[in-house]
Amino acid sequence: MHPIRKQRLYLVLFVVLFSSAAAGLVMYALSGNINLFFPPTDVAEGKAPVGQPIRVGGMVLDNSVQRSNDSLAVTFVLTDFKSNVTVVYEGILPDLFGEGQGAVASGKLNDDGVLVASGVLAKHDENY
């Protein structure tokens, strides 16, 4: 093989290997930062892990928000219009939170299928 061709072959192999390694490292780094949520149907079907931190997203069911009179505890139901998940949260809810609005609750699912939330995010529409 001609020395120039051999040099080009080594250069191409180096670029391919370096690019593959860089792409692999980027994909590995991003996989830890992906933050997905379970829809209520998956929770109802048992696809969500019990006792581990998860996120559940859906619409807040109308007339489901119940606030405690003596604490910041709030109970509401998230739905995807197929299944429902009851969420118990103690804290201050976001300003955009409301019935009929989208929300994502993060917390742990207990044995009764109730999500004990440690945080609630309110989703908003594109209209400003």
Side-chain angles (χ1 to χ4, degrees):
M1 185 180 289
H2 198 274
I4 293 178
R5 281 190 177 173
K6 192 182 250 185
Q7 186 179 9
R8 285 184 190 161
L9 179 63
Y10 288 145
L11 180 64
V12 168
L13 286 174
F14 175 75
V15 168
V16 168
L17 287 175
F18 182 75
S19 299
S20 298
L25 288 173
V26 167
M27 294 302 287
Y28 177 73
L30 290 177
S31 69
N33 293 330
I34 294 176
N35 212 355
L36 304 176
F37 60 86
F38 289 93
T41 300
D42 286 354
V43 175
E45 292 174 354
K47 295 180 182 176
V50 175
Q52 294 182 6
I54 62 168
R55 293 171 54 144
V56 178
M59 301 295 286
V60 179
L61 194 63
D62 290 334
N63 300 319
S64 70
V65 178
Q66 300 173 355
R67 299 176 189 271
S68 174
N69 291 332
D70 57 350
S71 69
L72 294 175
V74 179
T75 303
F76 58 93
V77 176
L78 287 177
T79 184
D80 59 359
F81 305 108
K82 293 179 185 174
S83 299
N84 298 333
V85 173
T86 302
V87 179
V88 175
Y89 176 67
E90 187 160 347
I92 298 173
L93 291 169
D95 290 337
L96 296 175
F97 181 85
E99 295 176 348
Q101 298 292 322
V104 176
S106 57
K108 294 182 180 181
L109 197 62
N110 66 16
D111 294 330
D112 299 329
V114 175
L115 182 74
V116 180
S118 58
V120 175
L121 300 174
K123 298 166 77 176
H124 62 84
D125 59 7
E126 294 82 27
N127 299 327
Y128 292 98

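Side chains included, hydrogens not; waters and symmetry mates left out as well; all remaining heavy atoms used.
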Tell me whether V114 shares a hydrophobic cluster with M59, the cluster being built from Ile, Leu, Val, Met, Phe, Trp, Tyr side chains joined at under 4.5 Å. no
When every non-hydrogen atom of V87 is compared with those of A105, the smallest separation belongs to CG1-CB, 4.0 Å
Can you establish whether the number of heavy atoms outside L11 located under 6.0 Å from its atom CG is more than 12? yes
More than 12 heavy atoms of other residues, nucleotides or ligands under 6.0 Å from CD of E45: is that the case? yes
Identify the heavy atoms of S71 and E90 that sit nearest to each other, and give their distance. CB-OE2, 4.3 Å
For residues 73-93, the ring pair (Phe, Tyr, Trp, His ring centres under 6.0 Å) pairs (sequence neighbours left out) are F76-F97
Within 6.0 angstrom of I4 CD1, more than 12 heavy atoms from elsewhere: no
For residues P39 and D42, determine if any side-chain heavy atom of one lies less than 4.5 Å from a side-chain heavy atom of the other. yes
Between the side chain of Q66 and the main-chain N/O of T75, is any donor-acceptor distance below 3.5 Å? no
Going from CD on Q7 to CG on L9, what distance comes out if it is rounded to the nearest 0.5 angstrom? 11.0 Å
Note, S83 side chain near V43 side chain (heavy atom, < 4.5 Å): no
Under 3.5 Å donor-acceptor, D80 side chain and T41 backbone: yes
Identify the heavy atoms of V120 and P94 that sit nearest to each other, and give their distance. O-CG, 3.3 Å
List the residues meeting ring-ring contact (aromatic ring centres under 6.0 Å, His included) with F38, not counting sequence neighbours, and say none if there are none. none
Looking only at heavy atoms, what is the nearest atom pair of S106 and R55, with distance? CB-CG, 3.7 Å
CG on L17 to OG on S19, rounded to 0.5 Å: 9.0 Å
When hydrophobic residues are tied together by side-chain contacts of less than 4.5 Å, even through go-betweens, does V77 share a cluster with V116? no
At their closest point, which heavy atom of V60 faces which heavy atom of A103, and how far apart are they? CG2-CB, 3.9 Å
Tell me whether V65 shares a hydrophobic cluster with L72, the cluster being built from Ile, Leu, Val, Met, Phe, Trp, Tyr side chains joined at under 4.5 Å. no
Do L61 and L96 belong together in a cluster built from hydrophobic side chains that touch within less than 4.5 Å? no
Tell me whether I54 is reachable from V88 by hopping between hydrophobic residues (I, L, V, M, F, W, Y) whose side-chain heavy atoms are closer than 4.5 Å. no
Of the non-hydrogen atoms in G107 and L115, which two are nearest, and what is the gap between them? C-CD1, 3.7 Å
